[in-house]
Amino acid sequence: MRLALSTALLLVCTACASAGAPAPAPDAPERILARAIEQAGGAAALGRATALLWEGDATVHAGGRTVSIAGRWAVQPPDTAVVSTWEASRGPESVRHLVVAQPRGWTVRGGAFTPMPPAMLASEREEFYLYSVMRLVPLREPGVALAAIPADSLGQRGIRARRAGRPDVELFVDGAGRLAHLRVVLPDGYDGRPVRQDVWLAGSIEAEGVRWPRTIRITQDGAPFFDLALRSLRVQPAVTDTLLAGPR
């Protein structure tokens, strides 16, 4: 009798504890984020991928021109990157480097370092922050606030990530829970005016357990801006490119 009574009391206490701390609803931001992390390879793999290196081909729409480029991206988000690109029609001998080593940034051509103008540096800094958001696990760090938001134009569920000192980023996941769309307002790289940027992600390329988007398509204020297709992907602890040391 005592055993039965003790068991009953235990069940009641367990139920009370559960009632006092309800599990997040299926569409709670934490649930959406957890599913997106799982779909991208899991927290352990993403946590090890502090630097991502890829080769790819891209189309740039800017200044009334459409230019095909190829190159190598070495990114250690949120504030370190070396991007080496060249016009596809001219080959690697036309290479130009873009270097961000916060709080500094340069463009490099023919070994000559040119400091980025303030508007360009501010824009590039926030662009590379988006790769930190795409890694997803940094969104679990202290200081990041998540909130549910309405679905995007494709009906994809969304959350907003807010971190002090950074632009708010809206993330949307597809039916499988995979990150498929980012939306953010960034400063324009020429005059600093705010522009709305949408980043559309599709496909998958894998390295060391990380599943990264195969294609990245960016529009600014609704107009085509940048389209990238990855050919290869590597992950490692850090970017070690000597260009990060800056001019000598």
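Index from 1, following the sequence.
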Give every donor-acceptor pair under 3.5 Å between a side-chain atom in residues 209-216 and any protein atom, sequence neighbours left out.
unit_1: R211; atom_1: NE; unit_2: Q39; atom_2: O; d: 2.7
unit_1: R211; atom_1: NH2; unit_2: E38; atom_2: O; d: 3.0
unit_1: R211; atom_1: NH2; unit_2: Q39; atom_2: O; d: 3.1
unit_1: R214; atom_1: NH1; unit_2: L230; atom_2: O; d: 3.1
unit_1: T215; atom_1: OG1; unit_2: A202; atom_2: O; d: 3.4

Validation: residues 58-73 side-chain donor-acceptor distances under 3.5 Å, sequence neighbours left out:
unit_1: H61; atom_1: ND1; unit_2: T66; atom_2: OG1; d: 3.4
unit_1: H61; atom_1: NE2; unit_2: D227; atom_2: OD2; d: 3.2

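The backbone N or O of G155 lies less than 3.5 Å from a partner atom in the side chain of D152, making a donor-acceptor pair. Under the 3.5 Å distance criterion, the side-chain polar atoms of R104 are left unmatched by any main-chain donor or acceptor of P115. Of the possible polar contacts, none joining the R48 side chain to the Q236 backbone as a donor-acceptor pair under 3.5 Å is found. Under a 3.5 Å cut-off, the side chain of S84 and the backbone N or O of H97 do not form any donor-acceptor pair. Formation of a donor-acceptor pair under 3.5 Å by the S123 side chain with backbone atoms of D188 is not found in this model.
Residue pairs meeting the ring pair (Phe, Tyr, Trp, His ring centres under 6.0 Å) criterion with at least one partner in residues 159-178, sequence neighbours excluded, are F172-H181. Screening residues 228-238 for salt bridge (charged side-chain N to carboxylate O under 4.0 Å, His left out), with sequence neighbours left out, gives E55-R231, D57-R231.
The pair R193-D221 meets the salt-bridge criterion, with a side-chain N (NZ, NE, NH1 or NH2) lying under 4.0 Å from an Asp/Glu carboxylate O.
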Test side-chain contact (heavy atoms from CB on, under 4.5 Å) on T114 and V108 and set out the steps.
CA-CA 6 Å; T114 301; V108 186; over 6 Å; no

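Considering only residues two or more places apart in sequence or on other chains, R96 meets the salt bridge (charged side-chain N to carboxylate O under 4.0 Å, His left out) condition with none of them. Residues that satisfy the side chain to side chain contact (heavy atoms under 4.5 Å, CB included) test with R90, not counting sequence neighbours, are E87, S94. Partners of E141 under the salt bridge (charged side-chain N to carboxylate O under 4.0 Å, His left out) rule, at least two apart in sequence or in another chain, are R163. Not counting sequence neighbours, the partners of E208 by the side chain to side chain contact (heavy atoms under 4.5 Å, CB included) test are V235. Residues passing the salt bridge (charged side-chain N to carboxylate O under 4.0 Å, His left out) test with D198 are R196, sequence neighbours excluded. Every salt bridge (charged side-chain N to carboxylate O under 4.0 Å, His left out) that E126 has, sequence neighbours left out, goes to R166.
A 4.5 Å side-chain heavy-atom check between V195 and F225 finds every atom pair outside the cut-off. With contacts defined as side-chain heavy-atom distances shorter than 4.5 Å, the pair W106/L121 does not qualify.
Under the 4.5 angstrom side-chain criterion for Ile, Leu, Val, Met, Phe, Trp and Tyr, the cluster partners of V95 are W86. Cluster note: L154 groups with W200 through ILVMFWY side-chain heavy atoms spaced under 4.5 Å, whether in direct contact or through intervening members.
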